Each structure stands twice: as structure tokens, then as C-alpha cells.
2 protein chains.
Amino acid sequence: MALPVRKSSVEFPPNCPLTECMAMLRGAWAPNVIWYLSGGPRRFGELRHDIPRISARVLSARLRELESRGIVVRRLVDSSPPSAEYDLTELGRELIPAIKSLAAVGTKLKLRAVSC
Amino acid sequence: MALPVRKSSVEFPPNCPLTECMAMLRGAWAPNVIWYLSGGPRRFGELRHDIPRISARVLSARLRELESRGIVVRRLVDSSPPSAEYDLTELGRELIPAIKSLAAVGTKLKLRAVSC
DNA sequence: TTGAGTGGTAACCAACTGGATACCACATTT
DNA sequence: AAATGTGGTATCCAGTTGGTTACCACTCAA
């Protein structure tokens with residue numbers, strides 16, 4: 001006889017907050033941008049330097065997305081020529097421990113990939 | 001005068017483990033699948049029931065990816081008709097705290113989205 | 001006046017992704 | 001023999017994504 005379908009032992013709030021958070025992290029380089037901002041405020045050009053393979057187009061898109069979601073703030077710096085500085089918000093900083101955990105798992109994934 | 005480019009205060013190991021981990025989580029529904037498996041072993045059909053909007057095609061793809069990375073194990077159940085059960089590996093379980101943190105941030109993202 | 005350095009944007013395009021639909025093999029139940 | 005319930009796969013296709021390239025406005029130094 002076919003097995004009964006068991007009720008799930010875990011629940012998911014409607015309109016899933018995990019999906020919401022992942023929508024923010026799914027874009028290319030998004031976790032990397034957050035990672036580098038975790039070291040303190042960073043200018044556009046500095047981020048391009050931190051993440052050499054990111055294009056200006058994508059970096060710009062990511063920063064605006066993160067800004068619109070309240071993860072990052074943009075601040076104009078009154079230098080010459082004027083410059084823009086990006087920083088994590090308080091909410092953005094709450095992502096750091098999670099991202100560190102993910103990186104830790106990533107390390108083990110790589111080890112496994114080598115040994116198999 | 002132009003601002004100097006500051007050295008980043010955070011470093012990234014070469015061939016980034018965070019990127020590695022995100023490659024695994026980026027696929028559609030991947031975090032949700034892991035979330036539901038965190039409640040214990042789950043069959044293909046049960047997962048489809050847990051995540052109603054996922055297609056068989058994508059669920060199948062996600063499970064095989066997660067299996068090939070050592071996050072999930074597939075076990076044949078000797079029932080009739082035969083059934084397949086998926087379970088998190090030990091490494092897979094290490095993702096749970098990170099995913100819970102992400103969901104917590106996701107909740108605050110939604111609150112912010114409503115109030116702004 | 002020209003050039004470099006700031007922080008971007010616009011247009012184009014190939015590749016990837018995932019949704020929908022149809023379909024399959026197999027084992028039981030009816 | 002037919003229907004149902006397992007766990008999928010094959011094919012098609014439209015939408016999204018992000019890389020590339022070119023370009024822009026502005027400020028200051030040479």
C-alpha cells in the first residue's frame with residue numbers, strides 16, 4: 001500500500017521571510033558586497049577593487065537594491081571629486097553572523113569537493 | 001584631491017567559500033527544501049506538498065544538486081510502490097542555524113517594507 | 001586645455017533559469 | 001484490464017540575468 005503523506009513537522013509563515021531574505025541575496029555578488037561592507041564604510045571604487053570581477057553595472061544594481069531594502073546606506077562624501085560611500089545599516093549588520101555561517105559551510109563544501 | 005583607495009579591513013580566502021555556499025542556495029526553492037528537510041526525512045511527494053508552487057522538474061533538480069554537494073542523502077524506501085526519502089546530512093544540518101538567521105532578517109525586511 | 005580620476009548609466013546580447021505540459025516505468029488495487 | 005499512486009524525465013519556451021562596451025558629468029592637477 002502507498003505510504004501516507006506525513007504532516008510536515010516544520011511550518012512556514014505565509015509569504016515566507018526566508019524567500020524574502022534570499023531574494024535580496026540571490027543577485028550576483030550580493031553576499032560579497034555585504035561581506036566587504038562588514039569591514040566598514042566603503043566607496044564605489046573601493047568595492048570594485050575588492051571584487052575585481054564585478055562590473056560597474058552590476059555593482060551599481062546591487063547597491064541600489066540593498067539600499068532600497070534598508071541593508072545599506074549611501075552617503076555622499078564632500079571630497080573632490082565628490083565621492084560616495086556605502087555602509088551597512090543596523091539591519092544589514094544582522095546579516096553578518098548568518099553570512100559567516102554560510103562561509104563556514106562553504107569551506108567544508110570545498111574540502112569535500114577536493115576529497116571526493 | 002582624490003581620496004586614496006583604502007585597503008579593505010576584511011579579507012577573502014581565494015576561491016571564496018561564501019560564493020561556493022551561495023552557489024548551492026541560489027537555485028529556486030533551495031533554502032525552502034533544506035528548511036523542510038530540517039524537520040526530518042521527507043519523500044519527494046511530501047516535499048511537493050510542502051512547497052506547493054514548486055514543479056517536479058525543479059524539485060528534482062534541486063534535490064540532485066544538494067545530493068551531489070553532500071547536503072542531502074537519498075534513500076530508497078522499500079514500500080509499494082517504492083518510494084524515495086531525502087534527508088539532511090550532518091553537513092546539511094550545519095546550514096540550519098544560518099538559514100534561521102536569514103529568515104529572522106527576512107521577517108524584519110518585511111516589517112520594514114510594510115511600514116515604509 | 002587636456003587628462004585622469006571620481007561615480008556611475010545606456011544599450012546590446014548570449015546564456016541561463018525555471019515554469020508548464022506531457023509523458024514514462026513500475027507496483028499495487030479495483 | 002484499467003486506474004491510481006509512486007518518482008520522476010523530456011521538451012519547449014519566455015523571462016531574467018549579468019557581462020561587455022561605450023559613454024557621460026563633474027572636479028581637479030598639470
Side-chain angles (χ1 to χ4, degrees), chain A residues 1-6 8 16 18-19 22-34 36-37 41-69 72-87, chain B residues 1-8 16 19 22-34 36-37 41-69 72-87:
Chain A
M1 190 181 95
L3 299 173
V5 174
R6 299 164 288 189
S8 173
C16 171
L18 179 53
T19 301
M22 285 307 297
M24 187 192 68
L25 294 181
R26 186 158 351 235
W29 308 108
N32 306 70
V33 168
I34 295 168
Y36 278 107
L37 288 179
R42 210 82 180 125
R43 282 177 284 120
F44 191 89
E46 290 175 323
L47 287 170
R48 287 201 73 181
H49 184 261
D50 293 338
I51 315 171
R53 300 171 37 137
I54 199 174
S55 65
R57 179 186 176 286
V58 168
L59 177 55
S60 176
R62 274 318 81 82
L63 287 169
R64 298 202 183 283
E65 282 169 22
L66 293 173
E67 192 188 1
S68 79
R69 290 178 197 269
V72 153
V73 281
R74 182 180 129 104
R75 181 170 49 249
L76 279 176
V77 179
D78 188 18
S79 57
S80 59
S83 186
E85 199 171 63
Y86 296 88
D87 200 358
Chain B
M1 192 179 97
L3 298 172
V5 174
R6 297 164 290 188
K7 184 172 182 313
S8 173
C16 171
T19 300
M22 286 306 297
M24 186 192 70
L25 294 180
R26 180 159 305 143
W29 306 109
N32 306 70
V33 168
I34 295 168
Y36 279 106
L37 287 180
R42 211 82 180 124
R43 283 178 282 119
F44 191 90
E46 290 174 324
L47 287 170
R48 288 202 73 180
H49 184 261
D50 293 338
I51 313 171
R53 301 171 36 140
I54 199 174
S55 66
R57 179 187 177 284
V58 168
L59 177 56
S60 176
R62 275 317 81 83
L63 288 169
R64 298 199 184 285
E65 282 169 21
L66 294 173
E67 193 188 1
S68 79
R69 290 179 197 268
V72 152
V73 281
R74 178 182 196 264
R75 182 171 46 250
L76 280 175
V77 178
D78 188 19
S79 57
S80 59
S83 187
E85 198 170 64
Y86 296 89
D87 200 358

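Throughout, protein chains are lettered first and strands after them, A, B, ... in sequence-line order, and every chain is numbered starting at 1. These numbers come from a predicted model, not from an experiment.
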Seminar exercise, completed: Smallest heavy-atom separation, Leu47(A) atom then Tyr36(A) atom, equals CD2-CB, 4.0 Å
Problem set entry | Minimum-distance nucleotide to Ala28(A) side chain [options: dG18(D), dG7(D), dT9(C)] | dG18(D)
Problem set entry | Any residue meeting salt bridge (charged side-chain N to carboxylate O under 4.0 Å, His left out) with Glu65(A), in chain and number order, not counting sequence neighbours | Arg62(A)
Seminar exercise, completed: The answer to which of Tyr86(A) and Arg26(A) contacts DNA chain C further toward the 5' end, by nearest nucleotide, is Tyr86(A)
Seminar exercise, completed: Separation of dG7(C) atom C1' from Leu76(A) atom CG, nearest Å, is 10 Å
Exercise. Given atom CD of Glu46(A) and atom P of dG5(C), what is their separation to the nearest angstrom?
Worked result: 15 Å
For this session: Measure the distance from CD1 on Ile54(A) to P on dG18(D) and round it to the nearest whole Å.
Result: 10 Å
For this session: Check side chain to side chain donor-acceptor pair (under 3.5 Å) between Arg43(B) and all other residues, then give those that pass, not counting sequence neighbours.
Result: Glu46(B)
Exercise. Checking all strands, does Arg74(A) fall into the base, sugar-phosphate, or nothing category for heavy-atom contacts under 4.0 angstrom?
Worked result: sugar-phosphate
For this session: Identify which nucleotide among dG5(D), dA20(C), dG19(D) has an atom closest to any side-chain atom of Val58(A), counting heavy atoms from C-beta outward.
Result: dG19(D)
Seminar exercise, completed: With the side chain defined as heavy atoms from C-beta on, Pro81(A) is closest, among dG8(C), dG5(D), dT27(D), to dT27(D)
Problem set entry | Rounded distance in Å - CG (Leu3(A)) to C1' (dT28(C)) | 12 Å
Exercise. Looking at Ser8(B) and Arg42(A), what are the two nearest heavy atoms and their distance?
Worked result: N-NH2, 3.1 Å
Problem set entry | Asn32(B) CG to dG18(C) C1', straight-line distance once rounded to whole Å | 14 Å
For this session: Using a heavy-atom cut-off of under 4.0 Å over every strand shown, decide if Ser83(B) touches base, sugar-phosphate, or nothing.
Result: sugar-phosphate
Exercise. To the nearest Å, how far apart are Phe44(A) CZ and dG5(C) C1'?
Worked result: 14 Å
Exercise. What pair of heavy atoms forms the shortest contact from Ala30(A) to Leu25(A), and how long is it?
Worked result: CB-O, 3.8 Å
For this session: Nearest whole angstrom, please: distance from the P of dG18(C) to the CE of Met22(A).
Result: 11 Å
Exercise. Below 4.0 angstrom from OP1 or OP2 of dT17(C), is there any side-chain N or O of Trp29(B)?
Worked result: no
For this session: Would you check, one step at a time, whether the test side chain to side chain contact (heavy atoms under 4.5 Å, CB included) holds for Asp50(A) with Asn32(A)?
Result: CA-CA 9 Å; Asp50(A) 293 338; Asn32(A) 306 70; over 6 Å; no
Problem set entry | Gap between atoms CZ and P, on Arg62(B) and dG8(D) respectively (whole Å) | 15 Å
Exercise. Base, sugar-phosphate, or nothing for Arg48(A), non-hydrogen atoms under 4.0 angstrom?
Worked result: nothing
Exercise. Can a donor-acceptor pair under 3.5 Å be found between the side-chain atoms of Arg57(A) and the base atoms of dG19(D)?
Worked result: yes
Exercise. Between dT9(C), dG7(C), dG5(C), which nucleotide has the shortest distance from any of its atoms to the side chain of Arg43(A)?
Worked result: dG7(C)
Exercise. Do the side-chain N or O atoms of Ser60(A) get closer than 4.0 angstrom to the phosphate oxygens (OP1, OP2) of dG8(C)?
Worked result: no
For this session: Report yes if a side-chain nitrogen or oxygen of Arg64(A) is closer than 4.0 Å to either non-bridging phosphate oxygen (OP1 or OP2) of dT9(C); otherwise report no.
Result: yes
Exercise. Which nucleotide, dG7(C), dG5(C), dG19(C), lies nearest any side-chain atom of Ser55(B)?
Worked result: dG19(C)
